[in-house]
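Here the structure is laid out as structure tokens; the discussion comes afterwards.
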Amino acid sequence: MSAALQVTAFGLALLSTLFLLLATCTDCWMVNADDSLEVSHKCRGLWRECVTNMQDGVRTCDQYDSILADHPVKIVVTRTLLITADLLAGLALATLLLGLDCIKFLREDPRVKLKMCYGAGVILGVGSILGLVGSVWYAVDVYVERATLVSHNVFLGVHYDFGWSCWLGMAGSVGCFAAS
């Protein structure tokens, strides 16, 4: 039973870490949510903004000027938290892998393997909290930005909603927390 639980937790941690990495790298954190007929689909991410023409499927992306340039706080904070969460989840995944009972590494000392599993759980938990805070921070900021424009009766032609990258970051963080 213990081996099956360990392998299940490792599988969940691996899948959730991949979700976190994909959320960090992809560029659809905000998506246009206009009800009118649109000829293009706009996505904003942490690293670039992309527009896809709906008629011919051509996609063009504009990279943000520089990592060190002046960016909105939501982008800088989300980048920082998600990169840190990715690094911690990767470290926890490697530690968890070495701590599994089915791996021959340090088999003669089961207490060390158990401590490695507990340590990996703690690291994975911290990484998941950072990833969740980053994803929710971004989502809340998108919501507040939209609510502010609506409350002031400002319509700029397009407003944004949460994109699939934001949801992927939240799902990866929750999965890492469950695996921890």
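Bear in mind the structure is a predicted one, so any value in this text is a computation, not a measurement.
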### Query
Can Leu14 be reached from Leu12 by stepping across I, L, V, M, F, W or Y side chains whose heavy atoms are under 4.5 Å apart?
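No, it is not one cluster - the side chains of Leu12 and Leu14 are not joined through contacts under 4.5 Å.
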### Task
Identify whether Met170 and Leu22 are in the same connected component of the hydrophobic contact network (ILVMFWY, side-chain heavy atoms under 4.5 Å).
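No, it is not one cluster - the side chains of Met170 and Leu22 are not joined through contacts under 4.5 Å.
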### Query
Is the closest side-chain heavy-atom distance between Lys74 and Val142 below 4.5 Å?
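SC-SC contact between Lys74 and Val142 confirmed.
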Which heavy-atom pair separates [X] from [Y] by the least distance, and what is that distance?
| X | Y | answer |
| --- | --- | --- |
| Thr17 | Gly90 | CG2-N, 4.3 Å |
| Leu20 | Ala89 | CD1-CB, 4.5 Å |
| Cys28 | Val31 | SG-CB, 4.2 Å |
| Val76 | Thr80 | O-OG1, 2.8 Å |

### Query
Quick one: salt bridge (Lys or Arg N to Asp or Glu O under 4.0 Å) partners of Asp86, sequence neighbours excluded?
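With sequence neighbours excluded, Asp86 shows a salt bridge (Lys or Arg N to Asp or Glu O under 4.0 Å) to no residue whatsoever.
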### Message
Going by salt bridge (Lys or Arg N to Asp or Glu O under 4.0 Å), name the pairs with one or both residues in residues 10-27, residues two or more places apart or in two chains.
### Response
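Sorted result for residues 10-27: Asp27-Arg48, Asp27-Arg59.
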### Co-members of the apolar cluster containing Val51 [side chain, <4.5 Å]
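None; Val51 is a cluster of one.
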### Query
For residues 162-180, which residue pairs qualify under side-chain hydrogen bond (donor to acceptor under 3.5 Å, both in side chains), counting only residues two or more places apart or in two chains?
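Sorted result for residues 162-180: Thr26-Ser165.
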### Message
If the condition is ring pair (Phe, Tyr, Trp, His ring centres under 6.0 Å), which residues does Phe19 pass it with, not counting sequence neighbours?
### Response
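Ring pair (Phe, Tyr, Trp, His ring centres under 6.0 Å) list for Phe19, sorted by chain: empty.
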### Query
Between Trp47 and Arg79, is there a donor-acceptor pair closer than 3.5 Å when you use the side chain of the first and the backbone of the second?
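No; zero donor-acceptor contacts below 3.5 Å.
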Output side-chain donor-acceptor pairs under 3.5 Å for residues 113-139, partner residues at least two apart or in another chain, one line each.
residue: Lys113; atom: NZ; partner: Leu98; partner atom: O; Å: 3.1
residue: Lys113; atom: NZ; partner: Leu100; partner atom: O; Å: 2.9
residue: Lys113; atom: NZ; partner: Ile103; partner atom: O; Å: 3.0
residue: Lys113; atom: NZ; partner: Phe105; partner atom: O; Å: 2.7
residue: Ser128; atom: OG; partner: Leu124; partner atom: O; Å: 3.4
residue: Ser128; atom: OG; partner: Gly125; partner atom: O; Å: 2.7
residue: Ser135; atom: OG; partner: Gly131; partner atom: O; Å: 3.0

#### Entry: Results of side chain to side chain contact (heavy atoms under 4.5 Å, CB included) for Asp56 - residues two or more places apart only
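For Asp56 the side chain to side chain contact (heavy atoms under 4.5 Å, CB included) partners, ignoring immediate neighbours, are Asn53, Val58.
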#### Entry: disulfide (SG to SG under 2.5 Å) against Cys61, all qualifying residues, sequence neighbours excluded
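Only Cys50 meet the disulfide (SG to SG under 2.5 Å) criterion with Cys61.
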